[in-house]
K.L.:
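Below: one structure in structure tokens.
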Amino acid sequence: MANIKSAKKRILVLEKKAAQNKAIKTNLKTVLKQAHVAIANNAENKTEMVQLAVKKIDQACAKGILHKNSAARKKATICNLAK
């Protein structure tokens, strides 16, 4: 455990940011899974699910949670499946 006040604060901040990043990643995975299921079942809300998934991917990329190439690959995959 850290003894210096700034180091203690850094630990708290990092824990908070890690929790936020984990929540965003979990939500992203859930939305991607829902989109894949909608595509597989040829659901009527397939296009909305794909649009939501692309939006969540872009948001995660903008926040630095996903690398831009990884985000592009995920978007291309889901858009190609939807066609």
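These numbers were taken from a predicted model, which means no experiment stands behind them.
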K.L.:
Who passes side chain to side chain donor-acceptor pair (under 3.5 Å) against N69, sequence neighbours left out?
P.N.:
none
K.L.:
Mind checking salt bridge (Lys or Arg N to Asp or Glu O under 4.0 Å) for K63 and listing every partner two or more places apart, or none if nothing turns up?
P.N.:
none
K.L.:
Among residues at least two apart in sequence or on other chains, which ones pass side chain to side chain contact (heavy atoms under 4.5 Å, CB included) with A7?
P.N.:
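Applying side chain to side chain contact (heavy atoms under 4.5 Å, CB included) to A7 gives A2, I4.
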K.L.:
Okay, side chain of N80, backbone of A76: is any donor-acceptor separation there less than 3.5 Å?
P.N.:
yes
K.L.:
To the nearest 0.5 Å, what is the distance between SG (C61) and NZ (K56)?
P.N.:
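With rounding to 0.5 Å, SG (C61) is 14.5 Å from NZ (K56).
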K.L.:
According to side chain to side chain donor-acceptor pair (under 3.5 Å), does anything in residues 9-20 pair up with another residue at least two apart or in another chain? List the pairs.
P.N.:
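Passing the test, one end in residues 9-20: no pairs.
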K.L.:
Between L32 and V50, is there shared hydrophobic-cluster membership here, with clusters defined by ILVMFWY side-chain heavy atoms closer than 4.5 Å?
P.N.:
yes
K.L.:
Just jot down the side chain to side chain contact (heavy atoms under 4.5 Å, CB included) partners of E44, sequence neighbours excluded, or say none.
P.N.:
none
K.L.:
Can you run down the salt bridge (Lys or Arg N to Asp or Glu O under 4.0 Å) pairs that involve residues 22-40, sequence neighbours left out, and say none if there aren't any?
P.N.:
none
K.L.:
Mind checking the CG-NE2 spacing from L81 to H36? Nearest 0.5 Å is all I need.
P.N.:
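The NE2 atom of H36 is 6.0 Å from CG of L81, to the nearest 0.5 Å.
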K.L.:
Residues two or more places apart in sequence or in another chain: which of them pass side chain to side chain donor-acceptor pair (under 3.5 Å) with K46?
P.N.:
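K46: side chain to side chain donor-acceptor pair (under 3.5 Å) contacts with N42.
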K.L.:
Looking at CG of L66 and CG of L28, how far apart are the two atoms once the value is rounded to the nearest 0.5 Å?
P.N.:
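The CG atom of L28 is 5.5 Å from CG of L66, to the nearest 0.5 Å.
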K.L.:
Taking only residues two or more places apart in sequence, or in another chain, which ones meet K75 in a side chain to side chain contact (heavy atoms under 4.5 Å, CB included)?
P.N.:
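If we apply the side chain to side chain contact (heavy atoms under 4.5 Å, CB included) test to K75, skipping adjacent residues, the hits are V54, I57, D58.
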K.L.:
Taking side chain to side chain contact (heavy atoms under 4.5 Å, CB included) as the test, write out the residues that go with A43, two or more places apart.
P.N.:
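For A43 the side chain to side chain contact (heavy atoms under 4.5 Å, CB included) partners, ignoring immediate neighbours, are A38, N45.
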K.L.:
Which Ile, Leu, Val, Met, Phe, Trp or Tyr residues join I65 in one cluster when any pair of side-chain heavy atoms under 4.5 Å counts as a link?
P.N.:
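I24, listed by chain and number.
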K.L.:
Hey, what do you get for CG (L52) to OG1 (T47), rounding to the nearest 0.5 Å?
P.N.:
11.5 Å
K.L.:
Without swapping roles, check the side chain of T77 against the backbone of R73 for a donor-acceptor pair under 3.5 Å.
P.N.:
yes
